[in-house]
Amino acid sequence: MRNVLIVLSGPSGVGKGTIAKLLVERNKDISLSISCTTRKPRDGEINGREYFFIDKSEFKEKINNDGFLEYSEHFENFYGTPKDFVLDKLQNSNVLLEIDVNGGLEVKSRYNDAVLVMITPPSLEEVRNRLIKRGTETEEKINLRMERIGYELDKQGLYDYVVINDVLLDAVKEIEGIIKLEKNKCK
Ligand code: ADP
Ligand code: 5GP
């Protein structure tokens, strides 16, 4: 069975991080990629756990050295998938990337075996509720994230799978099924 590179995308607040955490906790053969970002850590976030927090000049240097599988700018900060880190991990386990839609499509264009999974919300209002409940963003930032939802969801047709995150555990189990299926595909 091959190891698969799984990309989880979807609007901010839809539950990607929560799902990714559960997938890793429940499955010893899945590990989480860690992206680089220039945004500041939120309370409780640790460098090297949620992200590698680097400054803009380090980020640019990594771009120039072809150090990213993909990168993009969101909400005035840069985010990128470190190439060697991910490809090394893939030797030993399935690897989960939690990145935006354009990043996911870019990964697929460079690594065709990647499996793209779009997480969608049961409703737009529910995303706002979840962002409010998470309590990490100001109202202004929540509004910015809400404005981007349509853009992300409009690209779901380009993804391999679409999973609705309504009941959390159902979504997690559905993704586990997708990974099992994809692992057994001969490529
Ligand atoms: P993302 O990583 O997509 O930005 P998070 O994983 O941070 O989203 O989830 C946003 C908020 O929604 C968190 O407070 C999380 O606990 C909550 N959440 C995630 N999935 C569900 C769900 N299925 N039902 C209710 N709340 C959820
Ligand atoms: P947050 O600041 O809420 O952690 O993430 C903001 C957005 O950046 C989310 O949509 C998240 O999926 C995206 N993101 C996180 N890491 C990466 C990455 O490495 N590449 C890309 N393209 N997007 C990322």
Side-chain angles (χ1 to χ4, degrees), residues 5-25 32-54 58-59 62-63 67-87 89 95-111 114 116-138 141-153 155-156 159 163-175:
L5 181 61
I6 311 120
V7 176
L8 289 188
S9 304
S12 182
V14 77
K16 299 178 296 294
T18 309
I19 289 175
K21 191 165 170 274
L22 272 174
L23 282 171
V24 171
E25 278 170 11
L32 196 57
S33 165
I34 302 170
S35 296
C36 298
T37 182
T38 59
R39 90 152 157 73
K40 296 277 169 284
R42 295 182 185 127
D43 278 355
E45 286 183 332
I46 292 173
N47 186 35
R49 191 178 68 187
E50 281 78 11
Y51 285 102
F52 295 113
F53 295 98
I54 62 179
E58 281 178 89
F59 202 97
K62 228 170 150 50
I63 294 174
F68 291 118
L69 260 184
E70 61 72 42
Y71 68 91
S72 62
E73 192 179 356
H74 302 280
F75 317 116
E76 297 173 355
N77 286 299
F78 288 99
Y79 294 77
T81 306
K83 190 165 76 178
D84 292 347
F85 182 80
V86 168
L87 298 181
K89 263 186 187 288
V95 179
L96 207 55
L97 299 183
E98 191 202 319
I99 60 178
D100 81 307
V101 200
N102 292 329
L105 295 172
E106 177 77 20
V107 167
K108 185 93 176 180
S109 74
R110 293 187 71 176
Y111 188 85
L116 303 186
V117 180
M118 170 84 68
I119 313 290
T120 62
S123 70
L124 295 188
E125 214 33 51
E126 177 62 12
V127 185
R128 183 182 286 280
N129 292 340
R130 288 181 190 176
L131 283 171
I132 293 169
K133 190 181 108 194
R134 191 170 73 185
T136 54
E137 255 69 39
T138 58
K141 286 200 171 155
I142 289 179
N143 288 336
L144 276 177
R145 281 160 198 255
M146 291 301 294
E147 280 170 21
R148 202 183 142 86
I149 291 186
Y151 177 83
E152 299 258 337
L153 294 182
K155 302 229 166 134
Q156 57 183 278
Y159 266 53
V163 172
I164 303 173
N165 180 20
D166 186 357
V167 176
L168 180 60
L169 208 52
D170 288 352
V172 169
K173 286 181 180 163
E174 196 175 332
I175 297 168

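Both counts, for ligands and for their atoms, begin at 1 and track the order of listing.
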Might you point out which heavy atoms bring Leu32 and Lys89 nearest each other, and give the distance in Å?
O-CE, 3.5 Å
Contacts of type ring-ring contact (aromatic ring centres under 6.0 Å, His included), residue Phe85, not counting sequence neighbours:
Phe52
Please identify each residue that fulfils ring-ring contact (aromatic ring centres under 6.0 Å, His included) with Tyr159, with sequence neighbours left out.
none
Taking the inter-plane angle between the rings of Tyr71 and Phe78 on a 0 to 90° scale, is it parallel (under 30°), tilted (30 to 60°) or perpendicular (over 60°)?
tilted
Contact between [X] and ligand 2, counting heavy atoms under 4.0 Å?
| X | result |
| --- | --- |
| Glu152 | no |
| Phe68 | no |
| Arg42 | yes |

Among all protein heavy atoms in this structure, tell me which lies nearest to [atom], with the distance rounded to 0.1 Å.
| atom | value |
| --- | --- |
| atom 6 (C) of ligand 2 | Tyr79 OH, 3.6 Å |
| atom 5 (O) of ligand 2 | Tyr51 OH, 3.4 Å |
| atom 19 (O) of ligand 2 | Ser35 OG, 2.7 Å |
| atom 7 (C) of ligand 2 | His74 CD2, 4.0 Å |

Structural part of Arg39 in contact with ligand 2, heavy atom criterion under 4.0 angstrom:
side chain
Where does Glu70 meet ligand 2, judged by heavy-atom distances below 4.0 Å: at the side chain, the backbone, both, or neither?
side chain
Counting from 1, what ligand 2 atoms have a heavy atom of Thr81 closer than 4.0 Å?
19 (O)
Check each atom of ligand 2 against the heavy atoms of Lys16 and keep those under 4.0 Å away; list them by number with element.
12 (O)
Pick, from Thr136, Asp100, Thr37, the option with the minimum heavy-atom distance to atom 10 (O) of ligand 2.
Asp100
Please determine, by modelled atom types, if Tyr151 and Asp100 share a side-chain donor-acceptor pair under 3.5 angstrom.
no
Could you tell me, for ligand 1, which of its N or O atoms are under 3.5 Å from any protein N or O, listing the pairs and their distances rounded to 0.1 Å?
residue  : atom   : partner : partner atom : Å
ligand 1 : 2 (O)  : Gly17   : N            : 2.9
ligand 1 : 3 (O)  : Gly13   : N            : 3.4
ligand 1 : 3 (O)  : Val14   : N            : 3.3
ligand 1 : 3 (O)  : Gly15   : N            : 3.0
ligand 1 : 3 (O)  : Lys16   : N            : 2.9
ligand 1 : 3 (O)  : Lys16   : NZ           : 2.9
ligand 1 : 4 (O)  : Gly13   : N            : 2.7
ligand 1 : 4 (O)  : Arg134  : NH1          : 2.9
ligand 1 : 6 (O)  : Gly17   : N            : 3.3
ligand 1 : 6 (O)  : Thr18   : N            : 2.8
ligand 1 : 6 (O)  : Thr18   : OG1          : 2.5
ligand 1 : 7 (O)  : Arg134  : NH1          : 2.8
ligand 1 : 8 (O)  : Gly15   : N            : 3.1
ligand 1 : 20 (N) : Asn165  : ND2          : 3.0
ligand 1 : 23 (N) : Asn165  : OD1          : 2.8
ligand 1 : 23 (N) : Asp166  : O            : 2.9
ligand 1 : 23 (N) : Leu168  : N            : 3.4
ligand 1 : 24 (N) : Arg130  : NH2          : 3.3
ligand 1 : 26 (N) : Lys133  : NZ           : 3.4

Ion pair check, Arg130 and Glu126, cut-off under 4.0 Å:
yes
Identify, with sequence neighbours excluded, every residue that meets salt bridge (charged side-chain N to carboxylate O under 4.0 Å, His left out) alongside Glu76.
none
Check whether Gln156 reaches the backbone of Leu153 with its side chain - one donor and one acceptor, N or O, closer than 3.5 Å.
yes
Are the side chain of Thr81 and the backbone of Phe68 linked by a donor-acceptor contact shorter than 3.5 Å?
no
For atom 17 (C) of ligand 2, state whether the nearest protein heavy atom is under 4.0 Å away.
yes
Begin from the C-alpha positions of Glu70 and Lys108 and carry the test salt bridge (charged side-chain N to carboxylate O under 4.0 Å, His left out) through to its verdict.
CA-CA 10 Å; Glu70 61 72 42; Lys108 185 93 176 180; over 6 Å; no
Flag yes if more than 12 heavy atoms outside Ile164 fall under 6.0 Å of its CD1 atom; otherwise flag no.
no
